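Note that the coordinates shown come from a computational prediction; the quantities given were computed from them, not determined experimentally.
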Amino acid sequence: MAKRQLTRRQSWRIEKIQEERAARAAKRETRALEELEGGDLGPEQTGLVIAHFGVQVEVEALEGDLSGQIMRCHLRANLPPLVTGDRVVWRAGAQGSGVIVAQLPRSSELCRPDMRGVLKPVAANVDQIVIVFAPLPHPHANLIDRYLVAAEHAGIHPLLLLNKADLVDDENGAMLDELLGVYRQLGYPLLEVSARQGGGMEDLMARLDGHISVFVGQSGVGKSSLVNSLLPGVDTRVGALSELTGKGTHTTTTARLFHFPGGGELIDSPGIREFGLGHVSRDDVEAGFIEFNELLGTCRFRDCKHDREPGCALLKALEDGRVHPQRMASYRHILSSLPADEY
């Protein structure tokens, strides 16, 4: 009992310390904002959030004499949380600083729940989500399918990207062929590239051209290497796989937006080993499995759970080979992770 009380006391103390630190940071930010707004601020203009650092963001000016310049901006307290890709209204201050006064409407947003289940946007105004995976770390179909569900839910077109194609060998080749074959059969666009050797990079560049894309995928799949290859001179940090776990180490710590010389933008997001879908419903999950579209609503029972019910259209399609066992297993795994009221 004493140990349990001590744990609670420690947790309470940690929360208090975090609250005190956040309060001190907020006070410092308020003072800085007051100093800025007490001086001479420039006229309102539009800008693009290219990186987020807690209580401050980096904004690229989109018009006027400052067009193309990057400014470190403070946020007014009445603003909603901003993310990379947001378009905003801001006013310039002195010495490369500024104040964001409004957020412009988003055309799309990619969201995920945090560790406490609170829904957090990851990137805004993107029209293409590039789901990056590699032979190592071992790719998991369930994580790919979670991204596909999230993309469908957000109305963002997906592109599947196998990086490190030079690491395909006799040991992993059959597994990868089967994995990729499932998505090719479903009609998803899929590319195989090697950021290190350059293979397939021209095809990838053509797919990114003219789009606002976001790179997602677990740590270690080579997203930073892809950015370095696509945008020479950017020099994002590249991490090696952990020898102990075979998983990637985090090198990107905040989502950042990059411009392509020929048009289009790319948002590189921090590596995510798990992608929670606690913010979506059962219907949203089913909509994310595109091969289910013509089957849903045709089961014998209207409230069919697609588990053991007689006359289930999905189970019949599974038996006939029209639904792949890997996808059915992934669908069930995702459903089991939803809140009880949705499952």
Side-chain angles (χ1 to χ4, degrees), residues 108-114 117-119 122 126-133 138-162 172-192 216-218 272-343:
S108 68
E109 59 181 19
L110 179 65
C111 298
R112 65 184 290 259
D114 64 13
V118 178
L119 192 62
V122 177
V126 299
D127 58 27
Q128 181 170 246
I129 176 172
V130 183
I131 304 167
V132 186
F133 53 101
H138 184 82
H140 295 284
N142 184 256
L143 180 57
I144 295 172
D145 293 337
R146 285 174 178 271
Y147 280 122
L148 290 173
V149 169
E152 186 73 23
H153 180 65
I156 303 171
H157 296 292
L159 169 64
L160 301 181
L161 181 65
L162 174 70
N172 58 33
M175 177 274 294
L176 287 168
D177 283 344
E178 182 177 1
L179 177 70
L180 301 184
V182 172
Y183 297 108
R184 285 197 177 101
Q185 188 175 7
L186 291 171
Y188 284 110
L190 195 155
L191 294 178
E192 299 179 40
V216 298
Q218 66 186 118
I272 301 169
R273 291 193 179 130
E274 297 292 337
F275 194 86
L277 290 173
H279 61 298
V280 303
S281 67
R282 183 190 185 97
D283 289 344
D284 293 328
V285 174
E286 291 176 346
F289 284 77
I290 57 176
E291 66 270 44
F292 293 179
N293 288 348
E294 296 181 357
L295 301 171
L296 296 172
T298 65
C299 298
R300 180 184 303 175
F301 302 107
R302 189 174 62 178
D303 60 347
C304 183
K305 301 299 183 184
H306 318 303
D307 187 16
R308 299 180 182 85
E309 296 87 347
C312 173
L314 263 63
L315 294 180
K316 183 65 166 63
L318 179 66
E319 181 182 339
D320 295 344
R322 289 176 290 139
V323 171
H324 196 282
Q326 168 193 295
R327 290 276 285 176
M328 195 66 179
S330 185
Y331 162 71
R332 287 170 171 164
H333 187 274
I334 292 173
L335 281 188
S336 68
S337 70
L338 297 183
D341 58 340
E342 291 293 349
Y343 181 70

Once side-chain hydrogen bond (donor to acceptor under 3.5 Å, both in side chains) is applied, do any residues pair with Tyr188, and if so which ones, sequence neighbours excluded?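 Counting only residues at least two positions away or on another chain, Tyr188 forms no side-chain hydrogen bond (donor to acceptor under 3.5 Å, both in side chains).
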
According to side-chain hydrogen bond (donor to acceptor under 3.5 Å, both in side chains), who are the partners of Asp177, at least two apart in sequence or on a separate chain? none

I want to check something: taking the side chain as every heavy atom from C-beta on, are Leu143 and Ile131 in contact at a cut-off of under 4.5 Å?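 With C-beta onward as the side chain, the pair stays apart.
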
Are any of the side-chain heavy atoms of Pro158 and Val130 separated by less than 4.5 Å?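 They are not in contact (no side-chain heavy atoms under 4.5 Å apart), so the answer is no.
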
Could you pull out all residues at least two apart from [X] that satisfy ring pair (Phe, Tyr, Trp, His ring centres under 6.0 Å)?
| X | value |
| --- | --- |
| His153 | His279 |
| Tyr331 | Phe289, Phe292 |
| His140 | His138 |

Contacts satisfying side-chain hydrogen bond (donor to acceptor under 3.5 Å, both in side chains) that involve residues 287-304 (not counting sequence neighbours) are Glu291-Arg327

I'd like to check the salt bridge (Lys or Arg N to Asp or Glu O under 4.0 Å) partners of Glu192; sequence neighbours left out, ordered by chain and number. Arg184

If you apply the rule side-chain contact (heavy atoms from CB on, under 4.5 Å), what do you find for Val216 with Val132, and how did you get there? CA-CA 6 Å; Val216 298; Val132 186; over 6 Å; no

Scan the side chains in residues 307-322 for donor-acceptor partners under 3.5 Å anywhere in the protein, sequence neighbours excluded, and list what turns up.
residue	atom	partner	partner atom	Å
Glu309	OE1	His306	N	3.3
Glu309	OE1	Asp307	N	2.8
Glu309	OE2	Lys305	N	3.0
Lys316	NZ	Asp320	OD1	3.2
Lys316	NZ	Asp320	OD2	2.8
Asp320	OD2	Arg322	NH2	3.3

Return the [atom1] to [atom2] distance between [X] and [Y], rounded to the nearest 0.5 Å.
| X | Y | atom1 | atom2 | result |
| --- | --- | --- | --- | --- |
| Leu148 | Leu160 | CG | CG | 5.5 Å |
| Gln185 | Leu180 | CD | CG | 13.0 Å |
| Ile144 | Phe133 | CD1 | CZ | 4.0 Å |

Quick one: list whatever passes side-chain contact (heavy atoms from CB on, under 4.5 Å) with Ile156, sequence neighbours left out.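 Listed in chain order: Ser108, Leu110, Val126, Ile129, Ala154.
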
Sequence-distant partners of His333, side-chain contact (heavy atoms from CB on, under 4.5 Å), two or more places apart: Asn142, Arg146

Looking only at heavy atoms, the pair that brings Leu159 and Leu190 closest together is CD1-N, 4.3 Å

Using a 6.0 Å cut-off, check whether atom CD of Gln326 has over 12 heavy atoms from anything other than its own residue.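 Yes, enclosed.
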
